[in-house]
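Some notes on the structure that comes next.
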Amino acid sequence: MYLSRYFLPVLRETPKEAEIVSHQLMLRAGMIKQCAAGIYSWLPLGLRVLKKIEQIVREEQNRAGAVEVMMPTIQPADLWRESGRYEAYGKEMLRITDRHKRDLLFGPTAEEVITSIFRDSVKSYKDLPKNLYNIQWKFRDEIRPRFGVMRGREFLMKDAYSFDLSPEAARKSYQRMFAAYLRTFARMGLRSIPMKADTGPIGGDLSHEFIILAETGESQVFCHRDLIEGEIPPVDTDYDGDLEPIMTAWTSKYAATEDMHDPARFAAEVPSSAQVSARGIEVGHIFFFGRKYSKPMDCRVQGPDGQMATVEMGSYGVGVSRLAGAIIEANHDDNGIRWPMPVAPFEVAVINLKAGDGATDGVCAELHTKLEQAGIDVLVDDSDERAGGKFATMDLIGIPLQIVVGPKGVKSNTVEIKSRVSGEKESLTPETAINHIVAEVKRTRILA
RNA sequence: CGGAGCGUAGCGCAGUCUGGUAGCGCACGUGCUUCGGGAGCACGGGGUCGGGAGUUCAAAUCUCCCCGCUCCGACCA
């Protein structure tokens with residue numbers, strides 16, 4: 001992609017409305033534009049990041065045996081009346097009336113829809129277990145949206161729903177998602193820590209929030225230091241095998257959010273040198289809720305004994321759009337964003353220091369073509385801005401690798417490659433640079 | 001919803017108290033010089049001052065009513 005054709009409205013100054021760094025940088029980098037309170041347009045650069053995050057989530061869901069569907073954003077109120085939630089859900093639910101005066105709503109979640117799909121289609125225990133997920137825009141009319149996409153009203157969410165015959169089987173479904181989440185966030189360069197969450201009326205130990213640590217996190221969290229460097233399930237994890245050891249390893253050490261924090265237990269179980277108290281951002285939440293929806297909505301299958309059994313369900317959310325902000329919170333410096341390679345909008349930036357010069361233009365075109373042929377996302381700055389401005393823009397938007405092509409270097413057949421994170425620079429021939437870059441992108445594109 | 005504050009050009013702001021017909025920086029356009037970490041000079045384009053209704057000879061400025069946005073709190077992926 002050439003910058004001259006692209007749409008990248010960067011801002012030199014920070015808009016006043018943005019309080020936290022991820023929001024400021026997303027606005028400055030031309031990733032998003034606010035349309036109304038808590039509602040954003042995703043501009044090309046932001047959309048690229050969103051799609052990459054979404055794709056990682058999708059790949060790990062698929063790997064764990066979940067199956068993608070897409071459910072509507074607009075749902076009929078009658079479905080929610082079945083579960084009893086139409087009345088129970090507060091003002092966060094955006095209620096709509098159509099031309100026939102029928103009550104509709106913009107879905108804040110999809111338990112009712114998925115349950116109705118499942119109950120109408122599956123009648124036998126032989127079809128269990130199943131896990132269906134979708135990645136869809138949700139709307140919750142938060143009283144006070146803030147922090148940009150971290151806490152918007154409209155947000156992109158992956159929500160998965162598992163269906164099992166027994167609570168024991170549901171536990172396995174839960175563990176699959178537990179392991180998949182560890183991998184999902186690790187692949188984005190985030191260290192997530194599962195923390196015990198409130199299970200409400202269901203009880204039990206099957207509810208975890210996945211938290212990443214960041215100074216601007218919304219809530220205070222407490223955990224054992226070891227969890228920050230916990231082992232990520234490998235890519236060849238057998239999701240049909242015994243996942244209990246993974247969950248045990250991650251849940252046997254203390255980790256709790258403010259709500260669930262027990263200072264006495266924390267002090268007793270965690271040596272003071274290993275006690276971590278930090279701010280955290282919730283990026284995922286998994287939850288076993290049993291028959292909460294299946295019972296009122298009459299979602300049953302026939303078991304091996306011939307009896308009808310109400311299915312046991314769980315739901316598993318990932319805040320996809322929130323992750324874009326969360327990743328920035330965890331990866332930035334004074335100059336701007338520092339994208340981890342797997343979610344970078346472009347993996348490589350080629351900076352033409354003298355656009356219009358035949359020699360530099362030629363080298364840039366060659367780099368562009370060969371890198372794209374190698375399957376790499378590359379953005380060529382072919383504008384006639386001055387060098388300083390180009391460097392500042394690329395640093396701001398956080399492209400991990402930069403190739404600087406200037407007239408002096410081109411005369412001696414060299415270009416300069418630079419790492420956004422380390423700042424290290426190296427002069428190489430264009431051919432060598434391509435090889436290095438391709439190798440480096442492929443090495444860092446997959447983190448787990 | 002309770003508390004606080006802000007709406008003036010794409011972004012950041014001044015002007016409002018004390019009414020007199022809109023300004024600065026950045027960005028943008030043109031020209032010249034410059035050109036490896038956000039250049040300089042010159043000229044220039046762009047604003048129904050959030051909306052409506054009042055007061056007045058005259059309203060960005062005063063009054064009233066709406067709307068939007070931000071921050072603190074309760075709520076949340």
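What's counted below: heavy atoms across the whole structure, side chains too, no hydrogens, waters or symmetry copies. All chains are named by letter (A, B, ...) in the order of the sequence lines, taking the proteins before the strands, and each is independently numbered beginning at 1. Computed from a predicted model, the values in this text were never measured in an experiment.
- At a threshold of 4.0 Å, the pair A:D333-A:R338 counts as salt-bridged, since one of the basic side-chain nitrogens sits closer than that to a carboxylate oxygen.
- For A:N413, the CG atom counts as densely surrounded, since its 6.0 Å shell holds more than 12 non-hydrogen atoms of other residues, nucleotides or ligands.
- Comparing the C1' positions of B:C75 and B:C1 gives an interatomic distance of 11 Å, to the nearest angstrom.
- Only the P atoms considered, B:C13 is 30 Å distant from B:A53, to the nearest whole Å.
- The number of heavy-atom neighbours closer than 6.0 Å to CD of A:E424, taken from other residues, nucleotides and ligands shown, is 12 or below.
- Salt bridge status for A:R48 with A:E347: absent, with no side-chain N to carboxylate O gap under 4.0 Å.
- Comparing B:C11 with B:G51, their P atoms are spaced 15 Å from each other, to the whole Å.
- Between B:C43 and B:G23, the two P atoms lie 16 Å apart (nearest whole Å).
- A gap of 11 Å separates the C1' atoms of B:A60 and B:G7, to the nearest Å.
- In terms of position on RNA chain B, the residue among A:G152 and A:C35 whose nearest nucleotide sits closer to the 5' end is A:C35.
- Nearest-nucleotide assignment on RNA chain B puts the 5′-proximal partner with A:P407, out of A:P407 and A:G319.
- Each of A:W250, A:F185, A:F210 was checked for a ring pair (Phe, Tyr, Trp, His ring centres under 6.0 Å) with A:F178, and the lone residue meeting it is A:F210.
- OP1 or OP2 of B:C26 has not a single side-chain nitrogen or oxygen of A:R12 nearer than 4.0 Å.
- Remark: aromatic rings of A:Y181 and A:H208 are distant, center separation not under 6.0 Å.
- Between A:Y293 and A:F118, a ring centre-to-centre spacing not shorter than 6.0 Å is recorded.
- With distances taken from any side-chain atom of A:L353 to the nucleotides B:C76, B:G73, B:G36, the minimum falls on B:G36.
- Counting non-hydrogen atoms under 4.0 angstrom, A:G90 reaches nothing in the nucleic acid.
- Nucleic acid contact class of A:D159 (heavy atoms, under 4.0 Å, all strands): none.
- With both ends at atom P, the span from B:G44 to B:C71 equals 40 Å, rounded to whole Å.
- A:G389 comes within 4.0 angstrom of a base, heavy atoms only.
- In this model, a side-chain donor or acceptor of A:K418 finds a partner on the base of B:G37 within 3.5 Å.
- Taking a pair to require two hydrogen-bonding distances under 3.5 Å in either a Watson-Crick or a G-U wobble arrangement, B:U48 remains unpaired.
- Separating the CG atom of A:D381 from the P atom of B:G36 is a distance of 15 Å, rounded to the nearest angstrom.
- Atom CD in A:E92 sits roughly 15 Å away from atom P in B:A74 (whole-Å rounding).
- Separating the NE2 atom of A:H285 from the C1' atom of B:A77 is a distance of 9 Å, rounded to the nearest angstrom.
- Here A:G317 lies out of heavy-atom contact (under 4.0 Å) with every strand.
- Regarding A:K16, its NZ atom lies at a distance of 18 Å from the P atom of B:G68, rounded to whole Å.
- Across all strands shown, A:G423 has no heavy atoms under 4.0 Å from either base or sugar-phosphate atoms.
- Base contact: A:T393 has a heavy atom under 4.0 Å from a base atom.
- Nearest heavy atom pair, residue A:P108 against residue A:R140, reads O-NH2, 2.8 Å.
- The partner of B:A9 cannot be assigned: no Watson-Crick or G-U wobble pair with both contacts below 3.5 Å exists in any strand.
- Whole-Å rounding puts the A:E209 CD to B:A77 P distance at 7 Å.
- For the C1' atoms, the distance from B:A9 to B:G45 is 11 Å, rounded to whole Å.
- Taking a pair to require two hydrogen-bonding distances under 3.5 Å in either a Watson-Crick or a G-U wobble arrangement, B:U63 pairs with B:A53.
- In a base pair of the Watson-Crick type (N1 to N3 plus N6-O4 or O6-N4) or a G-U wobble (N1-O2 and O6-N3), with each distance short of 3.5 Å, B:C41 is matched with B:G31.
- Residues A:E68 and A:R58 are paired through a salt bridge, judged by an N-O separation under 4.0 Å between the basic side chain and the carboxylate.
- Proximity of A:R386 to the phosphate of B:A39: a side-chain N or O atom is located under 4.0 Å from OP1 or OP2.
- Taking a 4.0 Å limit (strictly below) on heavy-atom distances, residues 26-34 of chain A reaches RNA chain B at A:R28, A:Q34.
- Counting distance only, with no hydrogens placed and no angle test, the side-chain atoms of A:R151 and the base atoms of B:C75 include a donor-acceptor pair under 3.5 Å.
- Between A:R144 and the phosphate of B:C71, there is a side-chain N or O to OP1/OP2 separation shorter than 4.0 Å.
- Classification of the A:H23-A:Y40 ring pair by plane angle, with boundaries at 30° and 60°, yields perpendicular.
- No contact: A:A18 has no heavy atom under 4.0 Å from any strand.
- By the 4.0 Å N-to-carboxylate-O rule, A:D382 lies too far from A:R5 to be salt-bridged with it.
- What separates NE2 of A:H23 from P of B:C69 is a distance of 12 Å, to the nearest Å.
- Applying the 5.5 angstrom centroid cut-off and the 30 degree plane-angle cut-off, the aromatic ring of A:F391 is not stacked upon the base of B:G36.
- Between the OH atom of A:Y89 and the P atom of B:C76 there is a distance of 9 Å, rounded to whole Å.
- Taking atom C1' in both B:C57 and B:A42, the straight-line distance is 41 Å, to the nearest Å.
- Nucleic acid contact class of A:E17 (heavy atoms, under 4.0 Å, all strands): sugar-phosphate only.
- A:A392 comes within contact range of at least one nucleobase, with a heavy-atom separation under 4.0 Å.
- When the C1' atom of B:C75 is taken as reference, atom CE of A:M93 falls 15 Å away, rounded to whole Å.
- Residue A:V320 is classed as having no contact, given no heavy-atom separation below 4.0 Å to the nucleic acid.
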